[in-house]
Number of protein chains: 2
Amino acid sequence: MNIRSDRDQGRKVTSAQVAERAGVSKWTVSRAFTPGASISENARQRVMEAAEALGYRPNLLARSLTTRRTQLIGVVVDQFANPHTQAMLNAATLALQQRGQLSILLNISPPVRSGELLDIAERFQVDGLLFLGTVLSEDIVRFATERQHVPLVQLFRTTEVDGVQIVAIQEHAAGAEIARLLLGEGHRRLGYLAGPDSGRSRLPRLDGYRQTLEDHGLALAATLTATDYRHALGYQAMHDYLQRTPAQQRLDALFCENDILAIGALDALHQAGLDGQLAIVGFDDIELAASPRYRLTSYQPNLDAVVDSAITHLLDRRIPGDPTLLPGRLVVRDSHRAAQSLLPQARHDKPR
Amino acid sequence: MNIRSDRDQGRKVTSAQVAERAGVSKWTVSRAFTPGASISENARQRVMEAAEALGYRPNLLARSLTTRRTQLIGVVVDQFANPHTQAMLNAATLALQQRGQLSILLNISPPVRSGELLDIAERFQVDGLLFLGTVLSEDIVRFATERQHVPLVQLFRTTEVDGVQIVAIQEHAAGAEIARLLLGEGHRRLGYLAGPDSGRSRLPRLDGYRQTLEDHGLALAATLTATDYRHALGYQAMHDYLQRTPAQQRLDALFCENDILAIGALDALHQAGLDGQLAIVGFDDIELAASPRYRLTSYQPNLDAVVDSAITHLLDRRIPGDPTLLPGRLVVRDSHRAAQSLLPQARHDKPR
DNA sequence: GGCCTGTTTGCAACCGGTTGCATATGGTCG
DNA sequence: CGACCATATGCAACCGGTTGCAAACAGGCC
């Protein structure tokens, strides 16, 4: 058990100690641990052996002090209840780790003063800040416009803010594609379920959706809202809608701003005994969307591509420019179908 | 727009620059920013003004170098697909932030070599490591037993590892309570749906469950397994079970290792047209459990209390001791009820 | 062997703070 | 008014690395 004969005497092992043991100077030790440095193979070997024997690990903080690079990226998150956040977090941290960066998780959920937190992150000398689909508050916008020396990238939101690089989905096209899908299914009264952030940014997605309807001579039939991206609020939005709207005036189909709201809405329909009576489409394609219980038609962003592009922007310290908009892909399941088409019909067999 | 007249000339602002402007030495600046330090009110004021004017923020890395405290806690996570992980992450980061600490998120999902990643975290001089319900791999155990100078705390798992402080739920009692609930409901053939980690640790929860059954002269009727804590695997486990087990031999009730598996199982029952035929109980009480569609009876850990205790252990650098086991609370909804009790019955009105 | 060139290595200085110690400053009291 | 004490501030040294520069060294070639 006592492997710690040499190492671990109170303090941590420093490069000087390794140097002494290897019979070289501490500068040579530093070079041994610096990839492209000029050092003889012989010396490197001896240093590595000594380091191994003593259990030496370079202090990355000390290194950062001179290199001015910390390899730390602040990852800013606010909607923990949304499974898509989780997927983003997973993808982002994995991608960062692969590039030798670590993520500092900054949680700006409601009680937290986001401006203060970003300030603290800056003191930790983060190399950049990555906003994972967060709602951009006043605080954040102010921070962004003031401190333009730390690169800022925002994922999956198209609110343009000075100094923030946007990497997102081609929202307009996605909205249009979903409208066409629903129209093709025969729906005519189409609505939209908006989340809390829709007010600030006139979502291109909604524009694309609405515009396509208008191209077909239709107007957006109703807009519901949820005050947070959570299951319960999707449920409630649909529940209230059903309460206040007589059956014959109801929508044919509802496009929801994301999957967790869509699933809430589906659950409300189920609860009201109206399964399949109102077509639903979501967005994000979270894992639960594929569940046989929901078979939610959704739009799948290419998460890896988005994250990859974002990280490239951060690490190359590119100057923020036009939004990078990547394509996604529609995942067609069952929830978007018209009520009658739940019965087997020939309708889908179009002439080719 | 150009607020950056003074600040921001290439390099970042240092304490020396603030000192010059305030007409004091850089040491005085340092003291101005150190809470309990000996400094006159007058000097502090001047320093603060100068700092404000220049946009100075102390470099916390440099500070950490001398103080040997980084205020960084490594938060280790592996099961991103489980909503409970998200809840833990949210609670943990918020609690840490409130205590002035920041979280470095370490993602040890399958492809990642966890030993290496922990090693890197150590080089960043994290003040401690918090394992959020992760499955303890060989790598991690080795790391834990070798490096006992960085405090390690494990949440929600009771696998005892040398040098790791455990903070979890009173699993044995919880298992027993759930068994009693199901027995009280009239169920007699009770099963357990285990997750991937059950093999390693003979879960006290399962022990408590089984033991209570035995106290009533019953044996555990079946054990199903899911190879990962994900909805699809809970679904599959139940699906396969239904396939291979004739109706008359099936379980009355199934206790699932967590909610996401339980919900998968419920969905599989629904898909098979067996809604309500098999009682289900989960664990963790995730948000979706409360959905009117599931009404999943579950066990709610006191997340805040667990996280709070864990962080206290970390920050006080306490020597790891006996596991800290906190009580949780059974959340009784509908999914645990017997099939016939879905019809209104007098059964619940026990004589008082 | 002497000279030239290219590679290694040691050194001083620095990154941006903190801390113990010594000195200066101001206020109180006899 | 001087002694005394508490409080403030400056200074040197240090935390654990990196980097430009110059000296040392080795090998190749004539």
Side-chain angles (χ1 to χ4, degrees), chain A residues 7 9-48 50-51 54-72 120 122-127 149, chain B residues 7 9-48 50-51 54-72 120 122-127 149:
Chain A
R7 56 182 88 165
Q9 302 299 339
R11 284 285 205 298
K12 284 184 175 157
V13 184
T14 75
S15 65
Q17 296 172 44
V18 176
E20 187 180 16
R21 174 151 182 153
V24 297
S25 69
K26 69 168 184 167
W27 298 282
T28 304
V29 174
S30 170
R31 291 191 176 100
F33 281 89
T34 307
S38 153
I39 186 176
S40 68
E41 194 45 40
N42 180 349
R44 157 168 280 130
Q45 286 294 338
R46 293 221 312 285
V47 168
M48 286 311 183
L54 295 171
Y56 168 70
R57 6 222 127 227
N59 182 331
L60 295 190
L61 263 43
R63 164 184 312 198
S64 297
L65 209 49
T66 46
T67 61
R68 293 167 190 298
R69 281 292 200 123
T70 55
Q71 330 256 75
L72 292 173
I120 292 176
E122 198 185 1
R123 297 180 189 204
F124 272 101
Q125 315 293 117
V126 292
D127 285 344
H149 41 255
Chain B
R7 58 183 85 166
Q9 301 300 340
R11 283 285 206 296
K12 283 186 176 156
V13 184
T14 76
S15 65
Q17 296 173 44
V18 176
E20 188 179 15
R21 174 152 183 151
V24 297
S25 68
K26 68 169 186 168
W27 299 283
T28 304
V29 174
S30 170
R31 285 189 247 266
F33 281 89
T34 308
S38 153
I39 186 177
S40 68
E41 194 47 39
N42 179 350
R44 157 168 281 131
Q45 286 294 338
R46 293 223 310 287
V47 168
M48 286 311 182
L54 296 171
Y56 168 70
R57 5 222 128 229
N59 182 331
L60 295 189
L61 263 43
R63 165 186 312 202
S64 297
L65 209 48
T66 46
T67 60
R68 294 169 190 297
R69 281 293 200 120
T70 55
Q71 329 256 76
L72 293 173
I120 292 175
E122 198 184 3
R123 296 179 189 204
F124 272 101
Q125 315 294 116
V126 292
D127 284 345
H149 41 256

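By convention in this document, chain letters (A, B, ...) are assigned in the order of the sequence lines, proteins followed by strands, and residues within each chain are numbered from 1.
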### Message
At a heavy-atom distance below 4.0 Å, what parts of residues 30-37 of chain B sit against DNA chain D?
### Response
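The answer is Arg31(B).
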
Taking side-chain contact (heavy atoms from CB on, under 4.5 Å) as the test, write out the residues that go with [X], two or more places apart.
X	result
Ala16(B)	Thr14(B)
Thr70(B)	Leu61(A), Ser64(B), Leu72(B), Gln125(B), Asp127(B)
Ile120(A)	Phe124(A), Leu102(B)
Thr66(A)	none

### Under 3.5 Å donor-acceptor pair, Lys26(A) side-chain atoms to dG17(D) base atoms
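Check passes, donor-acceptor contact within cut-off.
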
### Query
With sugar-phosphate meaning primed atoms plus P, OP1 and OP2, does Thr28(A) contact a base, only sugar-phosphate, or nothing at under 4.0 Å between heavy atoms?
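Sugar-phosphate contact only - Thr28(A) comes under 4.0 Å of backbone atoms but never of a base.
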
### Query
Which part of the nucleic acid, if any, lies within reach of Ala43(A) when heavy atoms closer than 4.0 Å are counted: base, sugar-phosphate only, or nothing?
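Ala43(A): backbone/sugar contact only, no base atoms under 4.0 Å.
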
### Task
May I have all residue pairs that pass side chain to side chain donor-acceptor pair (under 3.5 Å) and include part of residues 26-35 of chain B, sequence neighbours excluded?
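Listed by first then second residue: Ser25(B)-Thr28(B).
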
### Task
Send over the distance from Ile39(A) CD1 to dT19(D) P, rounded to a whole Å.
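Answer to the nearest Å: 14 Å.
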
### Query
Roughly how many Å is it from CZ in Arg46(B) to C1' in dT9(D), rounded to a whole number?
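That distance rounds to 11 Å.
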
### Message
Across nucleotides 22-28 of chain D, 5' to 3', mark each nucleotide with B, S or - according to how protein heavy atoms within less than 4.0 Å reach it.
### Response
-------

Contacts of type side-chain hydrogen bond (donor to acceptor under 3.5 Å, both in side chains), residue [X], not counting sequence neighbours:
X	result
Arg63(B)	none
Gln45(A)	Glu41(A)
Arg123(B)	Asp119(B)

### Query
Through what angle, rounded to 10 degrees, does the axis of the helix from dG1(C)-dC30(D) to dG30(C)-dC1(D) turn between its ends, using five pairs per end?
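Helix axis angle between the two ends: 40°.
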
#### Entry: Which nucleotide in dT18(C), dT19(D), dG16(D) has an atom nearest any side-chain atom of Thr67(A)
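When the side chain of Thr67(A) is considered, dT19(D) is the closest of dT18(C), dT19(D), dG16(D).
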
### Per Ala62(B) side chain, nearest of listed nucleotides dA13(D), dG17(D), dG17(C)
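Looking only at side-chain atoms, Ala62(B) lies closest to dG17(C).
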
